[in-house]
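The structure appears right after this line, and notes come after that.
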Amino acid sequence: MTEESPTFASFGVKPEIVKALGEAGIERTFAIQALTLPLAMAGDDLIGQARTGMGKTLGFGVPLLHRVEVPGDGTPQVLVVVPTRELCIQVANDLKGAGKHLGIRTLAIYGGRPYEPQIEALRKGVDVVIGTPGRLLDLAEQQHLVLGKIRGLVLDEADEMLDLGFLPDIERILRMVPDERQTMLFSATMPGPIITLARTFLNQPTHIRAEENDAGAIHERTSQFVYRAHSMDKTELIARALQAEGRGLTMIFSRTKRTAQKVADDLVERGFAAAAVHGDLGQGAREQALRAFRSGKVDVLVATDVAARGIDIDDVTHVINYQCPEDEKTYVHRIGRTGRAGRTGVAVTLVDWDEEARWKLISDTLSLDLAEPVETYSSSPHLFSDLGIPEGTKGRLPLSKRTRAGLSAEKEEDLGGKRRGRRGSSGPASPSASEDEAPRKRNRAPRKRTRGGARSAAAIEAADAAAPASSGSSGPDQQEDRPRTPRRRTRSGADATGPATSTGNATPATTSDSGETGDRPARRRRRRRPSASDTPASAD
DNA sequence: AAAAAAG
């Protein structure tokens, strides 16, 4: 366990990509990456599942970039479809960074923004496209986006993309790309029914699961708590919690857009540097809020589930569920915004009377037993320290009692004025979004990650389905949001994956099973076939 | 029922 995970270079990744990753402080692979690279680079279809914040983006991004023909003819060669605009921007930036030394042109295609820039970029030529369903279909129908040469397709947050709301659009997109293509699905959560559905359009896919963890994929690194906020003033409760020592960036999730805005406004009024992000805001405001949060200008982000998946921001130390999430998948993704890449995090779910049933369902499904918190990381900040809970009791008392008792008590006396400030943030900040990125852009600092998780176990299963391979072309890049690419991670061997990674255990992920995987000879045939330009995707 | 996603 102390050994370090294999490097990207050891998988035969192109030097230009290795160099770009290195510049971002990334050298070694995470478990999902080590497990995915061999198969993905060979052109196999696959379903990749790993816990949140464990590198899934590069897990499919590197193989995808690897098979882009450079220079291409300007026709998109690979496509990544994501559920939200902000995630689209983020993934595009990550891939843009990883492919910069190859001269790969990357473009983010999403709604809420003018058509022209995107159309113009396509006109000039694009190799890699990352997009949200609506705008992708829109531009494709207008003939501005040509999907006829897509040789690699990825559905990020796959279970969400194949859910009722998105399925129709995804099916249409699938009908527009060549049958002969490589298709990969990634997500931290992958319900059985979704996998079954996926097999209908995947070609003998291998199911790769780093750190097996059926129910969800929750990091042991994140301390989870449930707080029975029955009939309590949740905003007041949170206002206090936000004053916790050592708190870094904090994300607060609500179930509705209205509530998200309201909570953000209330917190701003109380003097917190908070911003809101939800679908009722203009795209500019959404991106501005996220940038402000990323840069630290605002350290409290109140969001709807638009920000529950994929958003990768360093330094998010706390996630507070102002309202109980809809289901267990949403719960897993929401709290997955913290405790990323080897860091620790704290997740607190406030449960009101009318949410008890839903919470029980989530709790049971994920086998959570938060009434008796698993463990407390002395090194991680604790919201509860400001809720009147004795330090040493955090992990033992029945949450419902201790918290309520202590809280209500103080609540009445202290409640009066609104205090402000909390640790770092300064006074009142702009409400929704303020400017943004002035402060630190942490992107740079290449931190290096040490371990990855090659070693973790992986459950590989094969499945099958029908499907293709593909071919493609190339294009420019895009901009927006956060600069940073991958993130750093520190920590040495064993814990890289986290103490919990234990799950990994023995399975030799990488090769062993994956290789030929007992099942079928998946990889062989599928590779792309004859396209005029075909290049060896897997060549190297 | 809610959110997101084209406008």
Can you figure out which of [options] approaches the side chain of [X] most closely?
X: Thr256(A); options: dA2(B), dA6(B), dA5(B); value: dA2(B)
X: Glu326(A); options: dA5(B), dA3(B), dA2(B); value: dA2(B)
X: Asp138(A); options: dA3(B), dA5(B), dA6(B); value: dA6(B)

Euclidean distance, atom [atom1] of residue [X] to atom [atom2] of [N] [Å, nearest integer]:
X: Arg135(A); N: dG7(B); atom1: CZ; atom2: P; answer: 4 Å
X: His333(A); N: dA4(B); atom1: NE2; atom2: P; answer: 16 Å
X: Ile170(A); N: dA4(B); atom1: CD1; atom2: C1'; answer: 12 Å
X: Leu136(A); N: dA4(B); atom1: CG; atom2: C1'; answer: 14 Å
X: Glu355(A); N: dA1(B); atom1: CD; atom2: C1'; answer: 13 Å
X: Glu157(A); N: dA5(B); atom1: CD; atom2: C1'; answer: 15 Å
X: Leu164(A); N: dA5(B); atom1: CG; atom2: P; answer: 17 Å
X: Arg113(A); N: dG7(B); atom1: CZ; atom2: P; answer: 11 Å

Think [X] has a side-chain N or O under 4.0 angstrom from the OP1 or OP2 of [N]?
X: Arg255(A); N: dA1(B); result: no
X: Arg286(A); N: dA4(B); result: no
X: Thr330(A); N: dA3(B); result: no
X: Thr132(A); N: dA6(B); result: yes

Using a cut-off of 4.0 Å on non-hydrogen atoms, how would the nucleic acid contact of [X] be classed: base, sugar-phosphate, or nothing?
X: Tyr115(A); answer: sugar-phosphate
X: Asp305(A); answer: nothing
X: Gly165(A); answer: base

Euclidean distance, Ile208(A) CD1 relative to Lys56(A) NZ, rounded to 0.5 Å: 13.0 Å
Interatomic spacing from CZ in Phe166(A) to CE in Met161(A) - rounded to 0.5 Å: 5.0 Å
Short side-chain donor-acceptor distance under 3.5 Å, Gln283(A) and Glu287(A): yes
Quiz item: cation-pi between Arg135(A) and Tyr115(A), 6.0 Å / 45°: yes
Passing option when Leu155(A) is tested against Val80(A), Val82(A), Ile170(A) for side-chain contact (heavy atoms from CB on, under 4.5 Å): Ile170(A)
